Participant: 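If you scroll down you'll find the structure; I have some questions about it.
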Amino acid sequence: MKIFFVSSTLTSGGSERVISLIANHMAEKGHEVEIVCLLEPIVFYPLHPAVKVAFAEKEIKNKSLPARMLWLRRHVKEARPDVVVSFMILVYITTLFALMGVKVPIITSERNDPASFSWWKRALRRVLLPRTTCHVVQTQKIKDYYTEDIKRKTVIIGNPVTNKVFDVKPVEKKDVMINVARLFPQKNQKMLIRAFHSIKDQIPTYKLKIYGEGPLRLDLQQLIDYLQLTDRVELCGRSEKVLDEMNASKIFVMSSNHEGLSNAMIEAICIGLPIVSTKVSGTEELIEEGRNGLLTDVGDQQQLADALLRIAKDEALQDSMGRNNKENAKRFKESEVLSQWETLICKFQGNS
């Protein structure tokens, strides 16, 4: 069958990683797969040689959103895929609008907490999401958020974890707290840096490493400089070896204001790291308080600092939480999640 995936980019984000994994899996199964990117012509994750990639940026002179939508509409009508799969709210709203009247099934996938969106995104979603053929979310809590008409079309599929996670060998741990996320307001790394600053003298050997890129890099670096943390907090950028960095760390921390289901947190769980996280969507399905991690209220810097300090100072707690996480890792295996996606997508075979 012919499958189109629509994304904004193929940079190093969690959604882009999942799209790449599903596309590779379907290509390996012999399907004709194309990823359509509406924005930057960037490919970060490795793709199967048979996966085609089309960039609106390279195909149109007028870079406006309407021009991109018209190009997407023409491209889909000419290629006649059996199904179109579109991730993230702005992308799937754009896709649903652009393909009005085009007879092709559209699978939309929400990768964030829908309750966190601005009023205008919610308004657009309310108007356009009923046009979806099937809606994919990552947790029961997110599914429960929607109205009954959308719930009837909604299925839950978790995030796949690359098999590389399960091949990581134990190494000697360093006194490092690791955060893996875009440098973006949603991820609230400013609070994380301030929380670390408040406890740094009680854990003098620990460092905080933040992996990811984004528009807040300069602001975060200025905060690090202002708090005189340049020797203790590092903005490490993107890395293809982030799994190795996690494996060598002692604590995974997430300070987000909202999430869908964090890929990085799932990877940390599978590697066997204790987790400290704000109580965002997905954490109630991943973290059992005190058993494999600690949860703090969103935006509460003191709670975050206290949780980090508690685990950093208790190596026995680190070990027990890490073991408990590894025991639960099998449910995130890439093969299991990709099989669920394959079953869903193949329901639309023969629609072109």
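Nothing here was measured: the structure is a model prediction, and the numbers come from that model.
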Participant: If Ile, Leu, Val, Met, Phe, Trp and Tyr residues are connected whenever their side-chain heavy atoms lie under 4.5 Å apart, and connections chain through other members, are F332 and L273 in the same group?
Facilitator: yes
Participant: Please name the residue in the list L208, V276, I210, V233 that meets the side-chain contact (heavy atoms from CB on, under 4.5 Å) test with M177.
Facilitator: L208
Participant: Can you confirm whether more than 12 heavy atoms, excluding those of Y146, are under 6.0 Å from its OH atom?
Facilitator: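 Buried by this count: over 12 neighbours within 6.0 Å.
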Participant: Is a donor on one side and an acceptor on the other found under 3.5 Å between the side chain of N292 and the backbone of L286?
Facilitator: yes
Participant: Thinking salt bridges, do E285 and K141 make one under a 4.0 Å N-O criterion?
Facilitator: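 Looking at K141 together with E285, the answer is no, because their closest N to O distance does not fall below 4.0 Å.
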Participant: May I ask you to decide if the ring planes of H135 and Y92 are parallel, tilted or perpendicular, using 30° and 60° as cut-offs?
Facilitator: perpendicular
Participant: Do the numbers put K333 on top of the ring of F166, so that NZ or CZ is under 6.0 Å from the six-membered ring centre and no more than 45° off the axis?
Facilitator: yes
Participant: More than 12 non-hydrogen atoms from neighbouring residues, nucleotides or ligands closer than 6.0 Å to NZ on K52, yes or no?
Facilitator: no
Participant: Taking 4.0 angstrom as the limit, do E34 and K2 come out as a salt bridge?
Facilitator: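 Salt bridge flag = no for K2 with E34.
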Participant: What about M69 and V91, same hydrophobic cluster or not, with Ile/Leu/Val/Met/Phe/Trp/Tyr joined at side-chain heavy-atom distances under 4.5 Å?
Facilitator: yes
Participant: Mark yes when over 12 heavy atoms from residues, nucleotides or ligands other than R131 sit less than 6.0 Å from its CZ; otherwise mark no.
Facilitator: no
Participant: State yes or no: do I35 and I3 share one hydrophobic cluster built from I, L, V, M, F, W and Y residues joined by side-chain heavy-atom distances below 4.5 Å, directly or via other members?
Facilitator: yes
Participant: According to a hydrophobic-cluster definition based on side-chain heavy atoms being under 4.5 Å apart (Ile, Leu, Val, Met, Phe, Trp, Tyr only), do Y226 and L218 belong together?
Facilitator: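 Different hydrophobic clusters.
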Participant: For the pair E213 and R217, find out whether any cationic side-chain nitrogen is under 4.0 Å from an anionic carboxylate oxygen.
Facilitator: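 Yes, this pair counts.
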Participant: Just checking W341 against F87, ring centres under 6.0 Å apart?
Facilitator: yes
Participant: Does E284 come within less than 4.0 Å of K279, counting only side-chain N to carboxylate O?
Facilitator: no
Participant: Once you round to the nearest 0.5 Å, how far does CD of Q302 lie from OG of S198?
Facilitator: 6.0 Å
